[in-house]
Amino acid sequence: MKFIRPRGTSDILPDEQNYWNYVLDKAKNTAIKFGFQSIETPTFEDTNLFKRGVGEGTDVVMKEMYSFDDLGGDSITLRPEGTASVCRAYIENGMKNQPQPQKYFYNASMFRYERPQAGRLREHHQFGCEIIGDENPEYDAEIIQLGWKYIKNLGLSNIELKLNTLGDSKTRKLYLRDLSNYYNQFIHRLPKIDSDRLLRSPLRLLDSKEIITKELSSGAPKSVDYLSEESKTHWDRLIYLLDKFAENNEDFHYEVDNRLVRGLDYYNRTVFEFIPQNSSTQGTILGGGRYDPLIEMLGGPSTPGIGFGSGIERMIIELKKQKVKIPANQTVDVVIIHMGGIIEDLWGLISDLRDNGLSTVFAPNRSMKSQMRYANNINAKIAIIVGPDEISKGSVNIKDLSAAGSQKELILDSKVIFKYIREKNIL
RNA sequence: GUGGAUGUAGUGUAGUGGUUAACACGUCUGGUUGUGGCCCAGAAGAUCGAGGGUUCGAGUCCCUCCAUCCACCCCA
């Protein structure tokens, strides 16, 4: 019986870690520059949190949740997304008593029972950012700038930013009604997929891939025309702010796409996505929007919020596709090559080396040639060679593995060894 | 959940019904006594994704399952 990992999960092996470290470093550092703070919430939550927050009618809740009853009989769900949990934490911990708005970032596994594909997993990792407690469009602009800056700091290019507004809940109902009515006129011409969807979520028809629907969609009512006075002001202001931002950042571009829809119920007003040009269908690298009704829906005080989630795995796929140069994995600094069963005489030295910041390992107990090969194969920078001869003399041989024939005998004294390494500038 | 493609050592591949499944990279061991990278030699490593079936005989054909990939759906 062989075990294999569950479908749609992945092992992130040491060779891949430089990508993960790179992406997460850029993500965190960028968010910190924008004044965001790290937050962590549990991997699983009360199932109702997601039903209530994400929306009973959404695909995510209806057919993609990892839900189960725990031994106490409570229904538990592995989080399918991050925002609901963060908002729950905001409410539960009384974060409204902290300076507003609160700005959080997190990196966490998300779980959705989906049919796996490249860039779509059952467990994937999201770096997410949220601004909670201020409804002004300046923060819409800020979160978009943060997303953009993050992607830019990663060294990615040719990423499109798409932007839309869904209006607020009142005008949205009106809009949805008119949108449904519009498509209903053509119900007999719609492909079955879309006539089905029309009942569930009419917004979806706007970004349908069916040719007929696409044609019909060009004449469909636009959400921008249904904005309330406030939402219109909000939207216009956001556009103005982004245009201003673009004046100082030449490579910042956005495109208003009134077919852009997002799948979670809590979104209102601003929604946006960053999508690599000529990407496949699993292309969205970062997506988010405003969710003003959410906290109240979860039983908290009426509190606006806006945020985004970005898929780490998708970022890495794109980094590889664009051949962005990533720093290599950290390698070992010093390998101790030892003969004659005297390794225990070197533990003091090994300890000193580590305490002074050098990653140090001893070679496996094999022939010297094999130990040297080992040092080479793990890309170590320095070999320190000690056998019975050196022990009796109280010395070591130290060798710079990047240069041929650079071996030097030193006395077995960590200070002398550090001095030599520093002077020779080997590391 | 729907449709399609694929599945051979750790990785990448060859093998297109017939003896002990091949090659490259990687790993390990050697190339005389304690010195890596190049080179040379050798070894280990695959019940050919799993289980059934057809056949005298299957990695090769058929079925089921599993997994990966692609499209849909959905989303990060």
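Sequence lines set the chain letters: A, B, ... in the order given, protein chains first and strands last, and positions in each chain run from 1. This structure is a prediction, so every number in the text was calculated from the model and none was measured.
Between A:Arg7 and B:U68 there is a side-chain polar atom (N or O) within less than 4.0 angstrom of OP1 or OP2. Here A:Gln407 does not reach the OP1 or OP2 of B:U35: none of its side-chain N or O atoms lies under 4.0 Å away. At the phosphate of B:C28, neither OP1 nor OP2 sits under 4.0 Å from any side-chain N or O atom of A:Arg373. Note on A:Arg197: a side-chain N or O is less than 4.0 Å away from OP1 or OP2 of B:C73. The phosphate of B:C73 has OP1 or OP2 within less than 4.0 Å of a side-chain N or O from A:Lys209. Contact check, A:Ser370 against B:C28: no side-chain N or O comes under 4.0 Å of OP1 or OP2. For B:C28, the OP1/OP2 oxygens have a side-chain nitrogen or oxygen of A:Asn377 closer than 4.0 Å. Contact annotation: A:Arg366 reaches the phosphate of B:U29 (side-chain N/O to OP1 or OP2, under 4.0 Å). At the phosphate of B:C74, neither OP1 nor OP2 sits under 4.0 Å from any side-chain N or O atom of A:Thr58.
Counting non-hydrogen atoms under 4.0 angstrom, A:Ala375 reaches nothing in the nucleic acid. Using a 4.0 Å heavy-atom distance criterion, A:Ile285 is classed as a sugar-phosphate-only contact. Within 4.0 Å of A:Glu390, counting heavy atoms only, lies at least one base atom of the nucleic acid. The residue A:Arg115 sits close to a base: some heavy atom pair falls under 4.0 Å. A:Gly283 comes within 4.0 angstrom of no nucleic acid atom, judged by non-hydrogen atoms across all strands. Among the atoms of the strands shown, none is found under 4.0 Å from any heavy atom of A:Ser10. Contacts of A:Leu286 with the nucleic acid, taken as non-hydrogen atoms under 4.0 Å apart, involve only primed sugar atoms and P, OP1 or OP2. At the heavy-atom level, A:Gly288 lies nowhere under 4.0 Å from the strands shown. Nucleic acid contact for A:Ala363: none, since no nucleic acid atom lies under 4.0 Å from a heavy atom of the residue.
Rounding to whole angstrom units, CD of residue A:Glu64 and P of B:C74 are separated by 10 Å. For A:Ile317 and B:C69, the CD1 to C1' distance is 12 Å, given to the nearest whole Å. Summarising the geometry, the separation between CD on A:Gln117 and P on B:C72 is reported as 8 Å, rounded to the nearest angstrom. In this entry the distance linking CD1 of A:Ile193 with P of B:G3 reads 13 Å, nearest Å. Atom CG in A:Leu401 sits roughly 14 Å away from atom P in B:C38 (whole-Å rounding). Taking atom NZ of residue A:Lys369 and atom P of nucleotide B:G31, one finds them 7 Å apart after rounding to whole Å. The nearest whole Å value for the distance from the CH2 atom in A:Trp20 to the P atom in B:A76 is 16 Å. As rounded to whole Å, 18 Å separates atom P of B:A76 from atom CD1 of A:Ile316.
Both A:Lys399 and A:Tyr267 sit near RNA chain B, but only A:Lys399 has its closest nucleotide nearer the 5' end. Comparing A:Ala403 and A:Tyr113 against RNA chain B, the residue whose closest nucleotide sits nearer the 5' end is A:Tyr113.
Using modelled atom types and a 3.5 Å distance limit, the side chains of A:Ser406 and A:Asp400 yield no donor-acceptor pair. With no hydrogens or angles considered, a side-chain donor-acceptor pair links A:Ser231 and A:Asp168 at under 3.5 Å. Between the side chains of A:Ser217 and A:Tyr183, a donor-acceptor pair is found at a separation under 3.5 Å.
A distance of 4.0 Å separates CG of A:Asp292 from CG of A:Asn268, quoted to the nearest 0.5 Å.
No side-chain heavy atom of A:Tyr175 sits under 4.5 Å from any side-chain heavy atom of A:Leu227. Here the side chains of A:Phe68 and A:Tyr66 are not in contact, with every heavy-atom distance at 4.5 Å or above.
The base of B:A76 lies close enough to the side chain of A:Glu114 for a donor and an acceptor atom to sit less than 3.5 Å apart. Between the side chain of A:Arg120 and the base of B:A76, no donor-acceptor pair under 3.5 Å is found.
Atom CZ of A:Phe186 sits in a crowded spot, with more than 12 heavy atoms from other residues, nucleotides or ligands closer than 6.0 Å. Environment of CD in A:Glu123: crowded, with over 12 heavy atoms of neighbouring residues, nucleotides or ligands closer than 6.0 Å.
Distance check on atom C1': B:U13 versus B:A46 gives 14 Å, rounded to whole Å. The separation of B:C25 from B:C38, taken at their P atoms, amounts to 11 Å, rounded to a whole angstrom. With both ends at atom C1', the span from B:A22 to B:U60 equals 15 Å, rounded to whole Å. Only the C1' atoms considered, B:G15 is 8 Å distant from B:A21, to the nearest whole Å. When the P atom is compared between B:C61 and B:A14, the two are found 15 Å apart, to the nearest whole Å. Using atom C1' as the reference point in both B:U8 and B:C23, the two lie 13 Å apart (nearest Å). B:G52 and B:U47 have their C1' atoms separated by 16 Å, given to the nearest Å. Of the C1' atoms belonging to B:G12 and B:G4, the separation is 25 Å, rounded to the nearest Å.
Classified by interplanar angle (parallel below 30°, tilted 30° to 60°, perpendicular above 60°), the ring pair A:Tyr254/A:Phe252 is tilted.
In this structure, A:Lys415 does not pair ionically with A:Asp413, as no charged nitrogen and carboxylate oxygen lie closer than 4.0 Å.
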Between the protein and nucleotides 42-50 of chain B, are there any N/O to N/O pairs under 3.5 Å, and if so, what are the atom names and distances?
none

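Residues A:Phe34 and A:Phe105 keep their aromatic ring centres 6.0 Å or farther apart.
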